[in-house]
Asks: 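Got a structure for you, written out below as structure tokens; questions coming shortly.
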Amino acid sequence: FDGKTYHVYSKSGTYAVSLRAYDPYGNAGLDTGEVGIKSKPRAFMDINPTPVIAGESVDFQGWGTDVDGDVIDAYLWQSSIDGQLSVSDVFSTSQLSVGVHTISFQVQDSEEIWSDEATCFLKVYAAANWPMFKKNDPRHSSQSPYWGRIYGLLNYAPGSGWTYPS
């Protein structure tokens, strides 16, 4: 016996604890008290658009909740490819490297307890060597899988709805 004891609490709250100890002569001592267990905050995120073409702006929005009522006061965004992205709850960037990123987001509460990571995948594709055109109406079958974007040569006549972005 190393003189240490452990207990894992499954829920936050205040718990009564007691400790009984014996000296080498068999005399017992008893001490009681309370231990407060705090919950971790929870992190949530929204990333738009996804997937994205390299150089396009991506909007990141994150938030957290804390069942203990603590204030969320710190944020951390990280990419498996580009490292730390931001320490703000909301930001945008067009500087992501090409590849499949694992994006992680954490929040910290006013008790300095960090949440577990919320994660998602974000694909950043290399930009093609041809211009990007946009159509003024919602996605249709001839477009790429990316909302409102199509790549390649188009026969865009006046009134067709296709424009070349400036």
Side-chain angles (χ1 to χ4, degrees), residues 6-13 35-166:
Y6 302 93
H7 182 77
V8 177
Y9 293 89
S10 60
K11 295 182 179 180
S12 63
V35 62
I37 305 299
K38 302 287 290 179
S39 288
K40 289 181 180 181
R42 292 190 61 198
F44 304 91
M45 68 171 129
D46 184 38
I47 300 173
N48 193 33
T50 180
V52 67
I53 306 300
E56 280 189 297
S57 183
V58 182
D59 298 323
F60 295 80
Q61 180 178 8
W63 64 97
T65 60
D66 190 299
V67 297
D68 300 325
D70 296 322
V71 175
I72 303 298
D73 60 6
Y75 308 90
L76 178 62
W77 291 91
Q78 297 192 82
S79 158
S80 59
I81 297 174
D82 292 329
Q84 183 173 312
L85 298 175
S86 179
V87 293
S88 297
D89 58 340
V90 177
F91 74 102
S92 297
T93 185
S94 58
Q95 304 299 313
L96 294 171
S97 300
V98 171
V100 179
H101 296 250
T102 300
I103 302 295
S104 64
F105 175 66
Q106 287 180 279
V107 296
Q108 184 185 55
D109 67 18
S110 53
E111 295 287 326
E112 298 185 355
I113 299 172
W114 282 99
S115 67
D116 291 329
E117 292 180 345
T119 61
C120 72
F121 296 104
L122 173 61
K123 291 182 181 180
V124 179
Y125 292 103
N129 292 326
W130 52 72
M132 178 177 70
F133 296 83
K134 295 186 177 187
K135 186 157 175 88
N136 297 330
D137 61 2
R139 178 192 316 230
H140 62 54
S141 61
S142 67
Q143 287 185 300
S144 74
Y146 316 113
W147 180 263
R149 294 174 279 184
I150 187 166
Y151 289 83
L153 300 175
L154 296 174
N155 180 11
Y156 66 98
S160 68
W162 293 102
T163 59
Y164 185 77
S166 53

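Since we're looking at a predicted model, the values are computed, not measured. Numbering starts at 1 and runs along the sequence shown.
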Asks: Locate the shortest heavy-atom distance separating Phe44 from Gly64; write the atom from each residue and the value.
Replies: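 Smallest heavy-atom distance, with atoms named: CD1-CA, 4.5 Å.
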Asks: Identify the heavy atoms of Met45 and Ala118 that sit nearest to each other, and give their distance.
Replies: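 Looking at all heavy atoms of both residues, the closest pair is CE-O, 3.0 Å.
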Asks: If you compare all heavy atoms of Gln95 against all heavy atoms of Thr93, which two are closest, and at what distance to 0.1 Å?
Replies: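 Gln95 and Thr93 have their closest heavy atoms at N-OG1, 3.1 Å.
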Asks: If only atom types and distance count, is the side chain of Ser115 paired as donor or acceptor with the main-chain N or O of Val107 below 3.5 Å?
Replies: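 Yes, Ser115 side chain to Val107 backbone: donor-acceptor pair under 3.5 Å.
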Asks: Ser92 and Ser57: which non-hydrogen atoms are nearest, and at how many Å?
Replies: CB-OG, 3.8 Å
Asks: What residues form a ring pair (Phe, Tyr, Trp, His ring centres under 6.0 Å) with Phe121, not counting sequence neighbours?
Replies: none
Asks: Do you know the tightest heavy-atom contact between Phe60 and Leu122?
Replies: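 For Phe60 versus Leu122, the nearest heavy atoms are CZ-CD2, 4.2 Å.
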Asks: With heavy-atom distances below 4.5 Å as the criterion, would you say the side chains of Val124 and Ser97 are in contact?
Replies: no
Asks: Scan for salt bridge (Lys or Arg N to Asp or Glu O under 4.0 Å) pairs involving residues 65-89, sequence neighbours excluded, and state none if there are none.
Replies: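 Sorted pair list: Lys38-Asp68, Lys38-Asp70.
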Asks: Is there a side-chain contact between Lys11 and Ile37, using heavy atoms and a 4.5 Å cut-off?
Replies: no
Asks: Output all residues satisfying ring pair (Phe, Tyr, Trp, His ring centres under 6.0 Å) with Tyr75, sequence neighbours left out; order by chain, then residue number.
Replies: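 Ring pair (Phe, Tyr, Trp, His ring centres under 6.0 Å) check on Tyr75 returns nothing, list empty.
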Asks: So, does Trp77 use its side chain to make a donor-acceptor pair with the main chain of Ile103 at under 3.5 Å?
Replies: no
Asks: More than 12 non-hydrogen atoms from neighbouring residues, nucleotides or ligands closer than 6.0 Å to CD on Glu112, yes or no?
Replies: no
Asks: Checking side chain to side chain contact (heavy atoms under 4.5 Å, CB included) between Cys120 and each of Thr102, Thr50, Ile47, which is the one that passes?
Replies: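 Exactly one candidate clears the test, Ile47.
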Asks: First locate atom OG of Ser110, then atom CD1 of Ile72, and finally report the distance between them rounded to the nearest 0.5 Å.
Replies: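 One gets 8.0 Å once the value is rounded to the nearest 0.5 Å.
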Asks: Would you compute the distance between atom CZ of Arg42 and atom OG1 of Thr65 and round it to the nearest 0.5 angstrom?
Replies: 6.0 Å
Asks: To the nearest 0.5 Å, tell me how far Thr119 OG1 sits from Gln106 CD.
Replies: 10.5 Å
Asks: Below 4.5 Å, heavy atoms only, C-beta onward: do Phe91 and Leu85 meet side chain to side chain?
Replies: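 SC-SC contact between Phe91 and Leu85 confirmed.
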Asks: Looking at every non-hydrogen atom in both residues, tell me the closest pair between Pro49 and Val58 and how far apart they are.
Replies: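 Heavy-atom minimum between the residues: O-CG1, 4.0 Å.
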Asks: Can you measure from CG (Asp46) to CD (Gln61) and round to the nearest 0.5 angstrom?
Replies: 6.0 Å
